[in-house]
Amino acid sequence: QVQLVESGGGLVQAGGSLRLSCAASGSIISVNAMGWYRQAPGKQRELVAVITSGKDTTYADPVKGRFAISRDNAKNTVYLQVNSLKPEDTAVYYCNAECVIGGGIKVRYWGQGTQVTVSS
């Protein structure tokens with residue numbers, strides 16, 4: 001069994017910051033790419049940022065320059081520092097990770113989601 005456990009969401013005023021965390025645990029051999037997605041009410045889930053095991057990063061255009069993704073490979077943990085928050089950043093943020101489990105099988109897992117609400 002593999003679990004992704006997120007933390008760090010909350011209510012913040014526009015212009016504020018938060019730090020989201022997501023830790024992968026369980027029967028994991030290794031973790032490849034890890035990422036953050038978000039889903040606002042009435043909208044489809046969208047990519048926010050991705051980081052490879054080699055720490056190469058990719059960001060969605062709306063968050064470039066404001067969000068920063070990082071990871072601690074020893075802890076199988078990914079972070080998302082979100083700065084200069086805007087009301088349109090309000091969404092449930094989901095962690096995603098491609099984990100290598102027994103037999104070398106690669107499986108993508110999702111966290112349960114953490115709510116980020118930005119007030120104007």
Side-chain angles (χ1 to χ4, degrees):
Q1 286 281 39
V2 174
Q3 282 189 318
L4 300 186
V5 179
E6 300 149 347
S7 61
L11 173 63
V12 63
Q13 289 188 330
S17 298
L18 289 170
R19 190 187 193 212
L20 309 183
S21 300
C22 172
S25 63
S27 302
I28 299 169
I29 294 173
S30 62
V31 182
N32 295 332
M34 304 183 82
W36 290 93
Y37 292 71
R38 67 185 181 185
Q39 188 167 18
K43 294 187 177 181
Q44 289 189 330
R45 191 172 298 189
E46 62 179 7
L47 173 69
V48 175
V50 175
I51 184 167
T52 68
S53 57
K55 302 189 178 179
D56 293 322
T57 59
T58 301
Y59 295 94
D61 286 343
V63 308
K64 284 181 180 177
R66 299 189 297 122
F67 291 11
I69 190 170
S70 61
R71 65 188 285 172
D72 184 333
N73 288 337
K75 297 180 179 179
N76 289 334
T77 299
V78 62
Y79 307 95
L80 187 69
Q81 179 68 39
V82 297
N83 301 320
S84 302
L85 281 163
K86 304 174 182 180
E88 51 263 43
D89 293 318
T90 295
V92 178
Y93 284 69
Y94 295 92
C95 172
N96 178 270
E98 182 183 83
C99 300
V100 180
I101 60 175
I105 299 170
K106 298 177 184 179
V107 181
R108 291 185 72 184
Y109 293 92
W110 290 93
Q112 80 283 0
T114 186
Q115 177 72 46
V116 172
T117 303
V118 184
S119 63
S120 56

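Side chains are part of it too, since the values below use all heavy atoms of this structure and drop only hydrogens, waters and symmetry mates. Note that the structure is predicted; figures quoted are calculated from it, not measured.
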*Consider only side-chain N and O atoms of N32 and S53, and report whether a donor and an acceptor are under 3.5 Å apart.*
no

Hydrophobic clustering (ILVMFWY, side-chain heavy atoms < 4.5 Å, transitive) - are [Y] and [X] grouped together?
X   : Y    : result
Y59 : W36  : yes
V78 : V107 : yes
V82 : I51  : yes
L80 : W110 : no
L4  : L18  : yes

Would you give the length of the straight line joining atom [atom1] of [X] to atom [atom2] of [Y], rounded to the nearest 0.5 angstrom?
X    : Y   : atom1 : atom2 : value
I69  : T52 : CD1   : OG1   : 9.5 Å
M34  : C99 : CE    : SG    : 6.5 Å
S120 : Q13 : OG    : CD    : 9.5 Å
E46  : Q39 : CD    : CD    : 9.5 Å

Answer whether the closest heavy-atom distance between the side chains of [X] and [Y] falls below 4.5 Å.
X    : Y    : result
K75  : S21  : no
D89  : R66  : yes
I101 : Y109 : yes
N83  : S17  : yes

Main chain of [Y], side chain of [X]: is a donor-acceptor contact present, judged purely on distance under 3.5 Å?
X   : Y    : result
E6  : C95  : yes
R71 : G35  : no
T90 : V118 : yes

*Would you name the heavy atoms of A23 and T77 that are closest together and state the gap between them?*
CB-OG1, 3.6 Å

*For V116 and G9, which heavy atoms make the closest approach, and how far apart are they?*
CG2-CA, 4.2 Å

*Would you find more than 12 non-hydrogen atoms of other residues, nucleotides or ligands less than 6.0 Å from Q112 atom CD?*
yes

*asked:* Over 60° means perpendicular and under 30° means parallel, so tell me whether F67 and Y93 are parallel, tilted or perpendicular.
replied: tilted

*Test log, rule side chain to side chain contact (heavy atoms under 4.5 Å, CB included), inputs R45 and N96*: CA-CA 12 Å; R45 191 172 298 189; N96 178 270; over 6 Å; no

